[in-house]
Amino acid sequence: MNSQAVPVNSLLRHVAPLREALAQAAAGVIGSGYFVLGPAVAKFEVDFAAYCGVGHAVGVANGTDALEIALKSVGVGAGDPVLVAANAAMYGTSAVLACGARPVFVDVLEGEATLDPDGVAAKLASEAAVKAVVVTHLYGRLAHADRIVALCRARGVAVVEDCAQAHGARDAAGRRAGSFGDVAAFSFYPTKNLGALGDGGAVVSNDAAIAGRARQFRQYGWSGKYVNALPGGRNSRLDEIQAAMLSVMLPHLDAWNARRRAIANRYGAEISTPALELPPQAGDESVAHLYVVRSNRRDEVRQALATAGIQTDVHYPFPDHRQPCHGGRFDAVSLPVTERDAARVLTLPCFPEMTDDEVTRVIHACRPL
Ligand SMILES: *Cc1c(COP(=O)(O)O)cnc(C)c1O
């Protein structure tokens, strides 16, 4: 190889143009004397809620906590059945388990990897007392939230969106990820479309009561200082430095998403080989968080790309219901699409700072496959 490998991501390149602005914002926090839940968090919450087109945002410590707190805020508690996909690296499932609730797995749509609305309808009919559905907008593409929300509203079941890979994705009416369900969870882990320089997350909602409960859950269940009113309270706060970093980055999010989409759509237009099944082209409904192809010869393809200097990854290799932590509790569960995908998905490099030349190199490396 005469040139460096194409990485799957580069956070160093991502933050390089913002270095000065980030350093200044961090210095501002250091000089303010507020370090946890102060003015920087309050400002980011207002701006992020406006960006998502919702009434309220509540900063929390990470995306998994955001999911757990979102679930608790809509009343999910011990033993409650919660519908969840099994193809998203245990994030939703872990949050359901952290509530003491019971994950009920639903298969995903072939080629889309988001919850199958018919599967949701079938489970809502067959499982008694489902409390909530976690709808994950996986890989940056909006799930079929409208259909699932309609099914759930009719039965009084809450919809919790997992938007950790979908910051800014919009439907044809301009509605953003996080504004479809009752409540939504975001992660600001550094590799997300909007990422901090450490951990961070947010719960967003149009419902003031739900957002108010999320605010209580993130801080010990307090109704006021030292009054632990809500059972199940946590410590899961967003800190001032991360909020300040996020406020520097938020104005760039749409441009970053547009660049991701352009890369994904070049792949879609220029990669053509029987070895790879490509995802649909990306419109506004996708923010191209991950460019995931499918192959029956996944491991062989991965090796060939590595030899050609192209890094790849697998999101995700192990379905939730097959994870060892359950001790075999879900062994009888069968999710054909989820299980087949786990053996076939492969992620190609797609991040905003990729050069056109790197994109071309990935496309060329796919030709002989
Ligand atoms: C990253 C991610 C999460 C969890 O976020 P953390 O901040 O890492 O806890 C949840 N759901 C999805 C779909 C994710 O990609």
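In this text, all values refer to a predicted model and were calculated from it rather than measured experimentally. In listed order, ligands and their atoms are each counted from 1.
With salt bridges taken as basic N to acidic carboxylate O contacts below 4.0 Å, none links Asp65 and Arg218. Taking the charged nitrogens against the carboxylate oxygens, Arg294 and Glu110 have no contact shorter than 4.0 Å, which rules out a salt bridge. One finds no salt bridge joining Arg237 and Asp199 here, because no Lys/Arg side-chain nitrogen approaches an Asp/Glu carboxylate oxygen to under 4.0 Å.
When only non-hydrogen protein atoms are considered, atom 13 (C) of ligand 1 lies nearest to Asp162 OD2, 3.3 Å. Of all protein heavy atoms, the one closest to atom 8 (O) of ligand 1 is Ser187 OG, 4.1 Å. In this structure, the protein non-hydrogen atom closest to atom 2 (C) of ligand 1 is Lys192 NZ, 2.7 Å. Regarding atom 9 (O) of ligand 1, its nearest protein heavy-atom neighbour is Thr64 OG1, 2.6 Å.
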Run the ring pair (Phe, Tyr, Trp, His ring centres under 6.0 Å) check on Tyr189 and Tyr91 step by step: do they pass? CA-CA 13 Å; Tyr189 183 76; Tyr91 303 117; 9.0 Å; no
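Taking 4.5 Å as the limit, every side-chain heavy atom of Val135 sits out of range of all side-chain heavy atoms of Asp162.
An N or O contact shorter than 3.5 Å links Gly63 to ligand 1 by distance.
Under a 4.0 Å criterion applied to the non-hydrogen atoms of Asn62, ligand 1 contributes the atoms 7 (O), 9 (O).
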